[in-house]
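These notes are about the structure you will find just below.
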Amino acid sequence: MKVLVTGASGYIGSHACLELLRAGHEVVGFDNLSNSSQTSMDRVRGLARGPLRFEKLDLLDKPGLEKIMALGFDAVMHFAGLKAVGESVEKPDLYRRNNVDGSANLLAAMKTAGCRRLVFSSSCTVYGEVKKNPVDESHPRGAVNPYGRTKLDIEDMCFELARAEKGWRIALLRYFNPVGADAGGRIGEDPHGLPNNLMPFVMQTAVGRREKVRVFGADYPTPDGTGVRDYIHVTDLALGHIAALDRLDVFDGAEAVNLGAGRGYSVLEVIKAASKAAGKDIPYEISPRRPGDSAAIWADPTFAKKKLGWSAARGLGEMCADAWRWQRDNPEGYGA
Ligand code: NAD
Ligand code: UFG
C-alpha cells in the first residue's frame, strides 16, 4: 500500500515508518519538526530498504495538505500532534488548534482526495478517571486535561464522520504507555527539554544526563505504593498499526481498539528492570505525587487480539534493553 504518515519523524511515527517499510509498503511522511528531528528519517532509511519520502509540512497548512494528499494514498496513519499534558493545561487553545483543527484539516483533505482509510493515535487518557482495571473499550470516556480533551474530540469527529458518510474505515488506536526503541539502536525517543515521561527520564539518568529519578508518590494503593502503568514496546505498537492497516476492511466505520500489553508495572519495577538493562544502579528518590496522576491503569487487550489478530510480544526486560541501547549509543539523542 501507499501510506501517508503524519508526525513521521516523531518517536512513534518513525518506528511506524520503519515497520511499514519492512512490511513492503510505500511511505510518504510529513512533520512540522516542532518536536522531532529529520535525522530520524535518515536513520529509518538506513535501517530499511524501501521508498520513504519526507516533507516538512504543518497540519494547519490546508493547501499543503491537499497537495500532498493529491499524491494518492491507500491509507493515512495520523500521529502528528502535541502531547505534553502540563503544557496543554497552560495553553489549551494551542492544543485545540493544533490537534483538533489540524485533524479536521487532514480529514477534509482526505475526503477531497477520496481516501477514507485512517489509523489514528488515540490514547488511554480518553478513559479519564479509571473505574476498574483492566480497562476495556467500553469503559466510560472522560477528559482530565486539555490534551486528553483533544483526543476525545478527534475520536468524536471520526465517529460522527463515519456515521454520516459511508465508506470510512477508521481505527482509533488507544495507546497505553509506549516505551523502548527499535532493536537496532538507531532510532528512539528524544524528548526536547526535561522529559515528562518515566522511561526517558530513567534512561537519561542512567546515561548521566540527570542526577536521579524522582518517583512521583509511593503511597498509592498499589503493591509497592508507586504508580502502575501498562508499558508497551514501541515496536509492538508500530506492528499494531500494521495489523490495523491490514485489517481496516473489517472496521465498521470508526472503531476504537486498545493497544496495551495487558499487564501493569510499578515505577519501582521499571527502575529495577532499567538498572538491570544498563548494568548499573539508577539513583532515585521518593517525591510527592504528581498532580493529575492516577494510581494504576492497564489495558484489557482482548479486543485487539480479536479485531487485529495482534498482541504485544515484547516484555519489560526487552523494552528496557532496547531503550538503553538507544540512549547509550545516542546519549544526546539525535542532537549528538
Ligand atoms: P512526538 O512528539 O515524538 O511525535 C509527534 C510528532 O508530531 C512530532 O514529530 C511533531 O513535530 C509533530 N507535530 C506536532 N504538531 C504538528 C503539526 N501541526 N503538523 C505537523 N506535525 C506536527 O510524539 P509521539 O510520542 O510519537 O506521539 C505520536 C502520537 O501518539 C501523538 O498524537 C500522541 O498524542 C499519541 N500518543 C502518544 C503517547 C506516548 O506516550 N508517547 C501515548 C498515547 C498517544
Ligand atoms: N513517573 C515518575 N517520575 C517521573 C515520570 C513519571 O515517578 O519522572 C511516574 C508517574 O507518576 C506514573 C508513571 O511514572 O506513575 C508513568 O508516568 P508517565 O509520565 O511516563 O506516563 P503517564 O501514564 O503519566 O502518561 C502517559 C502519556 C500521556 C497520556 C497518559 C494517559 O505520557 O500523554 O499516559 O494515561 F495522557
Side-chain angles (χ1 to χ4, degrees), residues 5-16 29-38 40-41 55-61 64-65 77-86 88 94-95 97-99 101-103 105-106 120-128 130 135 143-145 147-148 150-151 154 173-179 188-192 194-202 204-205 210 212-218 220 222 226-232 234 237-238 241 259-260 264-268 270-271 284-297:
V5 178
T6 81
S9 46
Y11 171 46
I12 304 170
S14 57
H15 286 82
F30 77 79
D31 200 295
N32 67 0
L33 300 175
S34 60
N35 195 40
S36 57
S37 157
Q38 205 173 320
S40 67
M41 297 285 87
E55 290 190 19
K56 186 172 179 210
L57 179 65
D58 196 298
L59 283 173
L60 298 180
D61 175 358
L65 282 182
M77 281 190 189
H78 178 30
F79 298 95
L82 297 171
K83 61 163 187 176
V85 172
S88 81
L94 170 69
Y95 272 66
R97 207 167 49 250
N98 191 77
N99 293 4
D101 297 353
S103 298
N105 290 347
L106 178 70
F120 171 63
S121 305
S122 191
S123 164
C124 67
T125 190
V126 300
Y127 294 122
V130 182
V135 174
V144 287
N145 53 59
Y147 164 72
T150 69
K151 293 295 180 195
I154 299 165
L173 303 183
R174 294 175 176 163
Y175 314 160
F176 282 68
N177 289 57
V179 295
E189 190 168 14
D190 181 23
H192 292 181
L194 199 66
N196 291 306
N197 297 115
L198 179 64
M199 188 64 88
F201 206 105
V202 166
Q204 290 191 9
T205 306
R210 315 271 165 213
K212 58 188 161 199
V213 180
R214 286 189 301 146
V215 174
F216 296 144
Y220 284 108
T222 60
T226 65
V228 168
R229 296 290 184 276
D230 184 334
Y231 296 94
I232 171 170
V234 68
L237 190 73
H241 287 70
L259 292 189
Y265 287 102
S266 73
V267 175
L268 293 181
V270 170
I271 294 175
Y284 67 86
E285 69 179 8
I286 307 296
S287 302
R289 290 183 181 192
R290 183 171 66 178
D293 272 352
S294 58
I297 176 168

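All values below come from the heavy atoms of this structure, side chains included, with hydrogens, waters and symmetry mates left out. Remember, it's 1-based here, ligands and their atoms both numbered in the order they're listed.
Remark: ligand 1 and N197 share no N or O pair separated by less than 3.5 Å (distance only, no angle test). Looking at ligand 1, you'll find an N or O of S36 within less than 3.5 Å of one of its N or O atoms. Note: an N/O pair closer than 3.5 Å links Y11 and ligand 1 by distance alone. For ligand 1, one of its N or O atoms has an N or O atom of F79 under 3.5 Å away. The distance criterion of under 3.5 Å between nitrogen or oxygen atoms is not met by S9 with respect to ligand 1.
Comparing heavy-atom distances from atom 19 (N) of ligand 1 across L59, D190, T6 singles out L59 as nearest. Heavy-atom proximity to atom 33 (C) of ligand 1, evaluated over F176, Y147, Y175, is greatest for Y147. Nearest to atom 35 (C) of ligand 1 by heavy-atom distance, out of G81, A80, S121, P191, is S121.
Proximity of S34 to ligand 1 is established by a heavy-atom distance of less than 4.0 Å. For Y265, the closest heavy-atom approach to ligand 2 does not fall below 4.0 Å.
The nearest heavy-atom contact from the protein to atom 13 (N) of ligand 1 is N32 OD1, 3.4 Å.
Within ligand 2, the atoms closer than 4.0 Å to a non-hydrogen atom of C124 are 31 (C), 35 (O), numbered from 1 in the order shown.
With sequence neighbours excluded, no residue forms a salt bridge (Lys or Arg N to Asp or Glu O under 4.0 Å) with R97.
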